[in-house]
Amino acid sequence: MSSSSSDSLTFETLYSEPSIIGTLPIGARWSADSKSLAFLWNDEGHTFRDIWVWARDTAKPTRRTTLGEGRTSGELAGISELAVLSSGDIAFVLAGQLYLSHADGTIEPLAMGISGVHGLAASPTGDRLAFLSGTSLIVTQASISALPNRLVASAGFVGVESFQWSKTGDEIVFVEADDTNTRKIEIAYDAHGEARRDRFTRAFPGDLLTRRRVGIVGVDGGSVRWFERPDAEDAIWDYGLSADGKALFISSSDLSIKTHTIFMYDALTGARTVFYTAHDPIKIRPDWQVRFAPDGRGLIVLSDPDGFNHLHRLAGEGAPLEPLTSGPWEIAEFTLDAENGRIYFIANEAHPAERHVYTVPLTGGDVSRLTGPAGIHVPTYAPDFSAFIDLFSDDMTPPELFIHPTAGDEGATQITHSPLPAFAERHWAEVRYIPFKSHVDGAELMARVMLPHGFETNGTYPMVVGSVYSDGLLNQWGGRAAHPSWGIDQYLASRGFVVVSPEIRGSFGRGREWNRPMLNSYGTQDIEDIADCVKTLTDLGYADPARVGLWGSSYGGLMTLMSLFKKPGFYAAGFAGAPATNVWHAYPEQGWIMGLTEGEDFIERYTAQSALFHSEGLSDALTILHGTKDEVVLYADTMALVEKLIAQGKTFELVSLPGTGHAWAKQDRTLTRFAYGKLAAFFERELKA
């Protein structure tokens, strides 16, 4: 039943440096002439990323900087961002400072004296750089002698949140965020032998929210032109300036995301009109995207009026959305190729767990799929759209960069190879996709199932379900995006566990009606989806129904607790990391699903969705893990639950991580090994006895 000891992995193998799966290549940027690109990578599996350059004439990557030379241990991430300039120089950010890399290998500092640099972006002409320093917006010429120009300075709790260059490069559009009236909280904790107290800006449901407005400022400075909305607390999902600089749109919604509005402004006078508005009382995902159509008069809108997220043309103010794509699948994001009259987009048309690159004419028509291998494809397009960088991964392959042409029969060419030689020598878990149905409404769902080496469907295996979360069904290395749980998953599989990631409602790709039951249903519909997954797999012989464990963090921790509290005896054990036990202390944006603090039912509604008020049902093994400096899910809420469980005479375990924030699995490798070690030992004890 179980894997042999020689097949078993260790946490030192999985979470060490150099990493057995290599270093993820990030930050790919094309040159303006589409002849080369730069990206950040370490070819030896260390954490420190240097700049690498790929050129069409050589067709192979070369290392541009050697700042990580000799750095073979520690958590230094190295260069974090880059921008390719028209001169061939490459600007980059290292430890919050801005530098310039010349083709001859020399490096010199830029914008000296300015720290906390992030959001680096080159102008369309490639001769200037814009970036944020903290929340101040700064522009500089790409020269050591140039004096940086602080276009918009931060003040108190007011600052720039994001920005875009205009098409001409002589103006910048930006979003200003004002947290003056947003709640401030203090978190007291002990770490490194000291009592500490940190302050955070953190709203709760019903609080005053961040106020936002859009501004336009010239790159040489001067006064800002402001563009206001009727309610500054409404969310801003998208914004953009037309190619001629005469019009500005803001895609906005109310806090609950039930009403979507696109405002159109005269960019010179600020005159505002409602270009488009729609109300959807069951909307729970803000997957909108908006861009100006190439003619500058209409918009291309990604929305779901017919129930699935698709591309539409919006010809003018008040006009209906005209579909450009359709079908029982969804588009995640799109990019316009105005010059060639095409739209490129990412969608799950091929399979719920896959994301492929497609193209369609701007006028609609036949959709063409550009990527072949099953998995997750993340494109970065060349300026002339002759090719794109494809960050590709599947269940058995860590992410790598490929060059993929947009036309012709030529296939993709791999340009990075990240895993260490030892990667190919291991038995990694086999992955299968198993469909299941909801007993609540008959909806079709799917599970990503990892199997130990030598697996047989004999119903004897222990099974761990998790980490449970929305958008967890992805055919890529590790399943979930940007998450280190790949290692604990592989560890458990090597120890003879079946490891399962179930699809749950509230996730991308299945449409509005599929997600409808999730409205006002934290800890209700979601845990039914998970239970239906477990029932299907155990009935098929994938695991012993008496030896099933469940785990998740944050919202996944809420689902873990609710599953144990509401379904005693169904699971043998649950491990809840940083569990969101009390939606009264959720971020207000969770009102998309849990509803707002309004209406006669809201107290009952919030209580029903908070694990804190359902703990009486606990009868199975439980471990709770939480960092004491978590401002996302408060450690105080875990303490409230602990007090209640003690008063109710419940047996459980608590693991506190001193001075650790919400991302407890990603703080550093030592902590990762400790926390996942606790998780693994817990399930070994409870599911294998």
Side-chain angles (χ1 to χ4, degrees), residues 157 161 177-187 198-212 229-237 252-260 279-286 469-470 505-506 515-527 552-562 565 576 578-615 626 629-641 643-644 661-662:
F157 292 99
E161 189 173 64
D178 182 350
D179 279 316
T180 303
N181 297 321
T182 309
R183 183 195 293 257
K184 315 298 186 298
I185 64 170
E186 288 189 338
I187 296 179
D198 290 351
R199 196 180 196 206
F200 300 92
T201 298
R202 174 65 161 84
F204 296 150
D207 282 351
L208 294 173
L209 304 176
T210 304
R211 299 174 63 83
R212 292 180 173 86
R229 294 166 297 138
D231 189 340
E233 291 188 348
D234 282 352
I236 294 177
W237 300 109
S252 180
S253 80
D254 62 334
L255 176 62
S256 71
I257 72 167
K258 303 302 183 281
T259 299
H260 178 215
H279 181 73
D280 183 349
I282 64 169
K283 184 80 170 176
I284 64 169
R285 291 186 62 94
Y469 211 84
S470 56
R505 245 62 76 88
N515 274 324
R516 176 196 284 264
M518 194 60 203
L519 187 64
N520 300 337
S521 190
Y522 277 138
T524 302
Q525 180 59 54
D526 42 16
I527 69 170
S553 188
S554 191
Y555 167 47
L558 181 150
M559 286 190 283
T560 299
L561 292 176
M562 285 292 217
F565 294 171
T581 60
N582 189 353
V583 302
W584 292 89
H585 290 160
Y587 278 107
E589 290 81 1
Q590 300 305 311
W592 305 343
I593 288 179
M594 69 190 186
L596 304 182
T597 54
E598 57 188 36
E600 295 182 358
D601 70 330
F602 94 85
I603 294 177
E604 178 183 349
R605 195 170 7 98
Y606 275 36
T607 300
Q609 296 177 85
S610 297
L612 178 65
F613 303 101
H614 301 274
S615 58
H626 208 155
K629 198 183 72 169
D630 190 341
E631 85 282 7
V632 177
V633 174
L634 303 182
Y635 184 76
D637 284 345
T638 283
M639 290 296 97
L641 176 62
E643 289 174 334
K644 198 165 189 179
H662 193 58

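In what follows, every heavy atom counts, from backbone to side chain, and hydrogens, waters and symmetry copies are set aside.
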Exercise. Closest approach of Glu631 and Ile187, non-hydrogen atoms and distance?
Worked result: CA-CD1, 3.6 Å
Exercise. Hey, are the side chains of Pro286 and Ile257 touching, using non-hydrogen atoms and a 4.5 Å cut-off?
Worked result: yes
Problem set entry | Member of Leu596, Asp234, Asp231 meeting the side chain to side chain contact (heavy atoms under 4.5 Å, CB included) criterion with Leu255 | Leu596
Seminar exercise, completed: Across all chains, not counting sequence neighbours, the salt bridge (Lys or Arg N to Asp or Glu O under 4.0 Å) partners of Asp254 are none
Exercise. Can you name the closest pair of heavy atoms from Thr607 and Trp584 and give their distance?
Worked result: N-NE1, 4.1 Å
For this session: For Thr182 and Ala203, indicate whether the former's side chain and the latter's backbone hold a donor-acceptor pair under 3.5 Å.
Result: no
Problem set entry | Closest approach of Met562 to Ala608 (non-hydrogen atoms, all atoms of both residues) | CE-O, 3.4 Å
For this session: Take Asn582 and Val633 through the test side chain to side chain contact (heavy atoms under 4.5 Å, CB included) and record every step on the way to the result.
Result: CA-CA 9 Å; Asn582 189 353; Val633 174; over 6 Å; no
Problem set entry | side-chain hydrogen bond (donor to acceptor under 3.5 Å, both in side chains) contacts touching residues 203-212 (sequence neighbours left out) | Glu161-Arg212, Asp179-Thr210, Arg183-Asp207
Exercise. So, do Met518 and Ile593 sit near enough that their side-chain heavy atoms are less than 4.5 Å apart?
Worked result: yes
Problem set entry | Reported CD1-to-CE distance for the pair Ile284 and Met594, which is rounded to 0.5 angstrom | 13.5 Å
For this session: Please check if the side chain of Glu186 supplies one atom and the backbone of Asp198 the other of a donor-acceptor pair under 3.5 Å.
Result: no
Exercise. Counting distance only, does the side-chain N/O of Lys258 pair as donor-acceptor with the main-chain N or O of Ile282 below 3.5 Å?
Worked result: no
For this session: State the CG-CD distance between Asn181 and Glu233, to the nearest 0.5 angstrom.
Result: 8.5 Å
Exercise. Are Ser256 and Trp592 close enough that a side-chain donor and a side-chain acceptor fall under 3.5 Å?
Worked result: no
Problem set entry | Summary of side-chain hydrogen bond (donor to acceptor under 3.5 Å, both in side chains) pairs that have at least one residue in residues 515-526, sequence neighbours excluded | Glu513-Arg516, Tyr522-Gln590, Thr524-Lys566, Gln525-Asp529, Asp526-Tyr555
Problem set entry | Heavy-atom check, side chain of Leu209 versus side chain of Pro588, under 4.5 Å | yes
Problem set entry | Distance, nearest 0.5 Å, that separates CG of Asp637 from CG of Leu558 | 11.0 Å
Problem set entry | Closest non-hydrogen atom pair, Lys184 against Thr180 | NZ-O, 3.2 Å
Exercise. Does the side chain to side chain donor-acceptor pair (under 3.5 Å) test come out yes or no for His279 and Thr259, once each step is laid out?
Worked result: CA-CA 4 Å; His279 181 73; Thr259 299; 2.8 Å; yes
For this session: Spell out, as yes or no, whether a donor-acceptor pair under 3.5 Å connects the side chain of Thr560 to the backbone of Gly552.
Result: yes
Problem set entry | Of all pairs that satisfy side-chain hydrogen bond (donor to acceptor under 3.5 Å, both in side chains), the ones with a partner from residues 593-606, not counting sequence neighbours | Asp601-Arg605
Exercise. Closest heavy-atom contact between Gly557 and Ala576?
Worked result: O-CB, 3.9 Å
For this session: Could I get the full list of ring-ring contact (aromatic ring centres under 6.0 Å, His included) partners for Tyr635, not counting sequence neighbours?
Result: His626
Exercise. Distance-only, no hydrogens or angles: does the Ser470 side chain make a donor-acceptor pair with backbone N or O of Gly506 under 3.5 Å?
Worked result: no
Problem set entry | Contacts of type ring-ring contact (aromatic ring centres under 6.0 Å, His included), residue His585, not counting sequence neighbours | Phe204
Problem set entry | Shortest non-hydrogen separation from Pro579 to Leu561 and the atoms involved | CB-CD1, 3.6 Å
Exercise. Does the ring of Phe200 carry Lys629 above it, NZ/CZ under 6.0 angstrom from centre and within 45° of its axis?
Worked result: no
Exercise. Quick one: CG on Asp630 to OG on Ser554, what's the gap to the nearest 0.5 Å?
Worked result: 7.5 Å
Problem set entry | Check against side chain to side chain contact (heavy atoms under 4.5 Å, CB included), Trp237 and Ser253 | CA-CA 8 Å; Trp237 300 109; Ser253 80; 2.8 Å; yes
